[in-house]
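The block underneath contains the structure these notes are about, expressed in structure tokens.
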Amino acid sequence: MNNTSQPAAPSGLTPHPPPMRVLITADQLQKRVVELAAQIDTDFANETPVLIGLLKGSFIFLADLCRAMTIPHLVDFMAIAAYGGGTSPSGGVRLLKDLSVNITGRSAIVIEDIIDSGLTMAYIRRLLLARQPRRLAIATLLDKKSRRETDLPIEYVGFEIGGGFVVGYGLDLAERYRHLPHIAELDLTAAEEMSASE
Ligand code: IMP
Ligand code: MG
């Protein structure tokens, strides 16, 4: 396979891959995920927490995290969408798919790909706390901490990153690039230069 051969993009999506640079390598991701799993193993020893993956972005992180864990646990999923489908949920979020497991009286850990303003996670946290879990923790692979708009306790953070838009390891740009084994940051300056020269 050569890197320059790209399938044609469906109409409405970017016609060619936007310029990107690797921000976190696959090796760095794997090492950090193993560390987080060990921390969770220790913190939830003697419990059987439910890992709640938020679809779709967390699916690869969750898959690696749960396989690195050694304590018994359950896996379940929730899906939410920002109103309007944009990248910013300032207009609110709605529930697309609820859990199939009842978390009342159980320990639960929400597994997220990235926390930006924190508004999505604040909504999910309120929703889940209302079900009276025994304990609720939040784990996010990436944290754009400087962009937070609301106070949010986050127990497990993989990497704190800047404000740029990132893809890969589950994270997408218009549903693409989730399969990349690393986290890449879009190079917006280069993207602007490219579109200016078209
Ligand atoms: P928040 O509510 O502002 O914290 O937004 C969180 C959601 O926005 C994440 O679950 C992602 O779906 C999306 N998001 C925020 N930043 C990025 C990014 O850099 N790449 C891909 N998705 C992102
Ligand atoms: Mg997400």
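Both counts, for ligands and for their atoms, begin at 1 and track the order of listing.
Heavy-atom distances between Glu112 and ligand 1 reach below 4.0 Å in at least one pair. Look at Leu171 and you'll find a heavy atom under 4.0 Å from some atom of ligand 1. Residue-ligand proximity: Asp172 is placed with a non-hydrogen atom under 4.0 Å from ligand 1. Residue Arg147 places every heavy atom at 4.0 Å or more from ligand 1. Within the 4.0 Å heavy-atom shell around ligand 1 one finds Gly118.
Residue Thr120 has at least one heavy-atom neighbour below 4.0 Å for each of these atoms of ligand 1: 1 (P), 2 (O), 5 (O), 6 (C). Against a heavy-atom cut-off of under 4.0 Å, Lys144 is close to the following atoms of ligand 1: 16 (N), 17 (C), 18 (C), 19 (O). Short contacts between ligand 1 and Asp116, defined as distances under 4.0 Å to a heavy atom of the residue, involve ligand atoms 1 (P), 3 (O), 4 (O), 5 (O), 15 (C), 16 (N).
By the side-chain contact (heavy atoms from CB on, under 4.5 Å) test, Asp43 pairs with Tyr156, sequence neighbours left out. Asp98 pairs by the salt bridge (charged side-chain N to carboxylate O under 4.0 Å, His left out) definition with Arg131, not counting sequence neighbours.
Using a 4.5 Å cut-off on side-chain heavy atoms (C-beta onward), Ile115 and Ile138 make contact. The shortest distance between side-chain heavy atoms of Phe159 and Ile183 does not fall below 4.5 Å.
Between the side chains of Thr104 and Asn102, at least one donor-acceptor pair of N or O atoms lies under 3.5 Å.
Applying the side-chain contact (heavy atoms from CB on, under 4.5 Å) test between Ile103 and each of Leu128, Leu74, Asp76, Leu129 identifies Leu128 as the sole match.
Neither the backbone nor the side chain of Met121 comes within 4.0 Å of ligand 1, counting heavy atoms alone.
Under the 4.0 Å criterion applied to side-chain N and carboxylate O atoms, Lys56 and Asp113 are not assigned as salt-bridge partners.
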